[in-house]
Amino acid sequence: MSKNQSETTQKGKRYTITAALPYTNGPIHIGHLAGVYVPADIYSRYLRLKGNDVAFICGSDEHGVAIPMKAKKEGVSPQQIIDKYHNLIKDSFEAFGIAFDNYSRTSSEIHHQTASDFFRKLYEQGEFIEEVTEQLYDQEAGQFLADRFVTGTCPRCNHEEAYGDQCEQCGSSLNATDLINPKSTITGSKPVLKETRHWFLPLDRYESFLREWILEGHKNDWKPNVYGQVKSWVDEGLKPRAVTRDLDWGIPVPVEGADGKVLYVWFDAPIGYISATKEWAEREGKSWEPYWKDQDTKLVHFIGKDNIVFHCIIFPTMLKAHGDFILPENVPANEFLNLEGNKLSTSKNWAVWLHEYLEEFPDKQDVLRYTLTANAPETKDNDFTWKDFQARNNNELVAIFGNFINRVVVLTNKYYDGVIPQPGTLTQVDMEVLEELRTYPEKIGQSIERYRFREASQVLMNAARLGNKYLADEEPWKVVKTDPERVQTIMYVALQIASALAVLSEPLLPFTSEKLRDMLAQNGNDRLFWDDIAGFETLLPAGKQINKASLLFTKIEDIEIEKQLEKLENTKKMNEAANKTAEPQKETATFEDFTKMDLRVGTIIEAEKMPKANKLLVLKVDTGIDTRTIVSGIAQSFKPEDIIGKKVTVLVNLAPRKLRGVMSEGMILMTENAEGKLVFVNPDEDGVTNGTTIN
RNA sequence: GGCGAGGUAGCUCAGUUGGUUAGAGCGUCGGAUUCAUAACCCGGAGGCCACGGGUUCAAAUCCCGUCCUCGCUACCA
């Protein structure tokens, strides 16, 4: 047995497997797990069981402007934020059984060194473009301001607290320099424009490389969603991308004259994979380099679809420009997971948080792993529901997998005091069942190697079904009364299936696998590996003493599911309440200010969609004074034909503005309901005529 | 609007180098069974493969058009 094992471990191929670095501004939720960490962990565990040389790498992403922002909001230091979430994330991954070879962090010394060296090498090779641009600068604080650090009045909707990158009221994406009355959120002072120098990675120079490598080279082996997204980016035309920022949180730019500048978080984060590998290799006393430089190493990045551009375009370009490194063989990005029909949202607290799940469902890691795998968003966005979670547990894990094991172990203890019986001559059926059992490692392996984890979970369940069917067909509990010798063979065969399941379930259900191996007393030197299932004549030898049955899975009752749904209901209510909190009153307006505004009653007499835009309607409005054109961004709330004849409130003396080439002369007053749908501010009563002033 | 991905049974999804009566699991209905967490096992019902055209001896699969969902992007009072 051991000879066979060492043979499999020798022939191992080298793999470097990375899982997206979690950003340390919040905990991990089921969306992260389903999209990235569970599939990556299954893949890594499987490859190890096959005897491959695997480095499964991850770590916390701790730089970027959002960290100091959050720190400031909470009145703590950035270090406190990253320590808090790094530890929370690391611990919950560990408790959940995500078996990283190393979980590092980008604030570590080794990462700062690695990222600096990487940048300097590209710099020395002349791979960057340097450019001087004008950015907002806070003179009082003596620093440049990232877009998020500037607030001001939105030039579009006059919302007074728009951020430099986006107005949260009207949803416009902005440049910080567009804001009216910009204000630094650090000191409150008015920023000035100041020149600053930055380094850009000229992605456009790598277009032909990317086309050849991905669009031609990986046409057939990369997932359609990944390939399509990359093609879309490349076809749109790549532009040089700034890889440095004016910020005091991050990795200092390691060249002369770059004081107060750090590497852009998206430049340093993927290098974190390399630093984490170095850190691990050092600890293990081996060389990290083969894992990143040997052409025989297979590099695979597990990510969510939001990261495709970084892992398929920017990071490979960095690796290519550097010159020493291998490129990813595949980037199996998943789509998104929804929760009970709504998008997961950290800010809206619409999520199932891993650390909470681990507390509320102790020892049920595998249930969540299984549910998320069986329902993984592999080809399109998918929905997680608690009802489905319950059904997967009760109907599949409990009823099929757990039940089979329980039947076998209970019967073995009942008939033979837990000693594996000596088999007699195998019947045709016995041999066929064992033969079929031997096909499972290959079948499940194929699914996993093709990144079809959903399929792998179903095939695994079929292996347990094979066992249940065998017992149902052979009926040892009946035969025992007439032919006890035959029952020895039946139970022996059933036990071989149980033993195989202990191995086959390891990648998907590591905790269950461990428990099952304990039950079968097969957790020591006689532990089996993946290829042993098909390769060995006997998995569990006659004469061996096994342990008493204990349940691998327990039923999840309705009440537990109701509790979770209630929790989500409460979240919804909290969000609604939060939305109802009215904005603070604006500064006092004088009567004169008000009388400047000419508000009138008008009637929409024509409405049609603005071509080539999907939020705009072009309206003809009878204002009583005239009939004029007003362009309004309401196309997502109303169909043109439904609002013709509608009486509305119009600001008639708003300065005209051209929108998509059409002059808009005025503004229709709108408000918003709880679902975010627009509602007319409504003077729609009989006898109110067009042109009547509103005051 | 542009680009990308998706639209197959009540639900979650396979299936697209074109080829016999379109598959699986769950759910549902019926049967059988009691070793087992009323679980397992067997069987039935359930689909104009989003819609409309076209190519072909043959289309879920290829081509054209339309509609819907999601993402990126543009645009947005």
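What you see below is based on every heavy atom in this structure, not just the backbone, and it leaves out hydrogens, waters and symmetry mates.
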| request: Side chain of A:Lys380 only, please: which of B:U37, B:U8, B:C26 is the nearest? | output: B:U8

| field | Among B:U37, B:C40, B:C3, the nucleotide that comes nearest once only the side chain of A:Val398 is considered | value | B:U37

| In whole angstroms, how far is the C1' atom of B:C26 from the CZ atom of A:Phe384? | 16 Å

| query | Between B:A36, B:U33, B:A77, which nucleotide gets closest to the side-chain atoms of A:Met667? | reply | B:A77

| request: Would you indicate what A:Leu619 reaches in the nucleic acid, counting non-hydrogen atoms under 4.0 angstrom: base, sugar-phosphate, or nothing? | output: nothing

| request: Provide, to the nearest angstrom, the distance between the CG atom belonging to A:Asn382 and the P atom belonging to B:G7. | output: 12 Å

| query | Hey, does A:Phe553 reach any base, or is it just sugar-phosphate, or nothing, if we go heavy atoms under 4.0 Å? | reply | base

| remark: Taking B:G27, B:A14, B:C72 as options, the one with an atom nearest any side-chain atom of A:Thr379 is B:A14

| field | Whole angstrom value for the distance that separates P of B:U73 from CD1 of A:Ile308 | value | 13 Å

| task | Provide, to the nearest angstrom, the distance between the CG atom belonging to A:Asn334 and the C1' atom belonging to B:A5. | result | 13 Å

| field | Distance test, side-chain N/O of A:Arg392 to OP1/OP2 of B:C11, below 4.0 Å | value | no

| remark: The Watson-Crick or G-U wobble partner of B:U55, with both key distances under 3.5 Å, is none

| B:G18 pairs with which nucleotide, Watson-Crick or G-U wobble, both distances below 3.5 Å? | none

| Any side-chain donor-acceptor pair under 3.5 Å between A:Glu560 and A:Gln564? | no

| query | Quantified in whole Å, what is the C1' atom distance between nucleotide B:C68 and nucleotide B:C26? | reply | 26 Å

| message | From the set B:U37, B:C13, B:G71, return the single nucleotide nearest to any side-chain atom of A:Lys343. | response | B:G71

| message | So that I know where these two stand, are A:Tyr206 and A:Trp233 an aromatic pair - ring centroids less than 6.0 Å apart? | response | no

| How long is the line joining NZ of A:Lys555 and C1' of B:A39, in whole Å? | 7 Å

| Base-pairing mate for B:U33 - Watson-Crick or G-U, with both contacts under 3.5 Å | none

| Between the side chains of A:Asn462 and A:Arg465, does any donor sit under 3.5 Å from an acceptor? | yes

| request: Tell me which residues in residues 464-476 of chain A put a heavy atom below 4.0 Å from RNA chain B, sorted by number, or none. | output: A:Arg465, A:Asn468, A:Lys469, A:Ala472

| Who pairs with B:U28 - Watson-Crick or G-U, where each distance is under 3.5 Å | B:G44

| message | Base, sugar-phosphate or nothing for A:Lys414? Non-hydrogen atoms, less than 4.0 Å. | response | sugar-phosphate

| request: Rounded off to whole Å, could you give me the CG-to-P distance for the A:Leu508 and B:G25 pair? | output: 18 Å

| Contact nearer the 5' end of RNA chain B, comparing A:Asp383 with A:Lys305 | A:Asp383

| request: Could you give the distance separating B:U17 and B:C63 at their P atoms, to the nearest angstrom? | output: 12 Å

| field | Nearest to side-chain heavy atoms of A:Asn375, which nucleotide of B:C40, B:U12, B:C70 | value | B:U12

| message | By the 4.0 Å heavy-atom rule, please label A:Asn395 as base, sugar-phosphate, or nothing. | response | sugar-phosphate

| Is the closest basic N to carboxylate O distance between A:Lys364 and A:Asp366 below 4.0 Å? | no

| query | Closest to the A:Asn225 side chain: B:G6, B:A5, B:C70? | reply | B:A5

| said: Suppose you measure atom P in B:G23 against the same atom in B:A5; what distance do you get, rounded to whole Å? | reply: 28 Å

| said: Roughly how many Å apart are B:A60 and B:A22, using the P atom of each and rounding to a whole number? | reply: 9 Å

| note | Looking only at B:A5, B:A14, B:A36, the nucleotide nearest the A:Arg454 side chain is B:A14

| note | Checking N1-N3 plus N6-O4 or O6-N4 for Watson-Crick, or N1-O2 and O6-N3 for wobble, each under 3.5 Å, the partner of B:C70 is B:G4

| remark: With sequence neighbours left out, the residues meeting ring-ring contact (aromatic ring centres under 6.0 Å, His included) with A:Trp222 are A:Trp213, A:His218

| query | Does the pair A:Arg211/A:Asp235 count as a salt bridge with the N-to-O cut at 4.0 Å? | reply | yes

| A:Asn406 side chain: which of B:C26, B:U37, B:A14 is closest? | B:U37

| message | Need one value for A:Glu396: base, sugar-phosphate or nothing, where a base atom within 4.0 Å counts as base even if backbone is also close, heavy atoms only. | response | sugar-phosphate

| request: By nearest nucleotide on RNA chain B, pick out whichever of A:Lys481 and A:Pro224 is the more 5' one. | output: A:Pro224

| message | Quick one, A:Phe453 and A:Pro507 - any side-chain contact, counting heavy atoms below 4.5 Å? | response | no

| query | Can a salt bridge be assigned to the pair A:Lys387 and A:Asp558 using a cut-off of 4.0 Å between side-chain N and carboxylate O? | reply | no

| query | Taking atom types as modelled, is there a side-chain donor on A:Asn225 or A:Glu335 under 3.5 Å from an acceptor on the other? | reply | yes

| Nucleotide forming a Watson-Crick or wobble pair with B:A77, both distances under 3.5 Å | none

| request: Tell me yes or no: between the side chains of A:Thr379 and A:Lys223, is some donor less than 3.5 Å from an acceptor? | output: no

| Value in whole Å for how far the C1' atom of B:A32 lies from NZ of A:Lys478 | 9 Å

| Given atom CD of A:Glu335 and atom P of B:G7, what is their separation to the nearest angstrom? | 12 Å

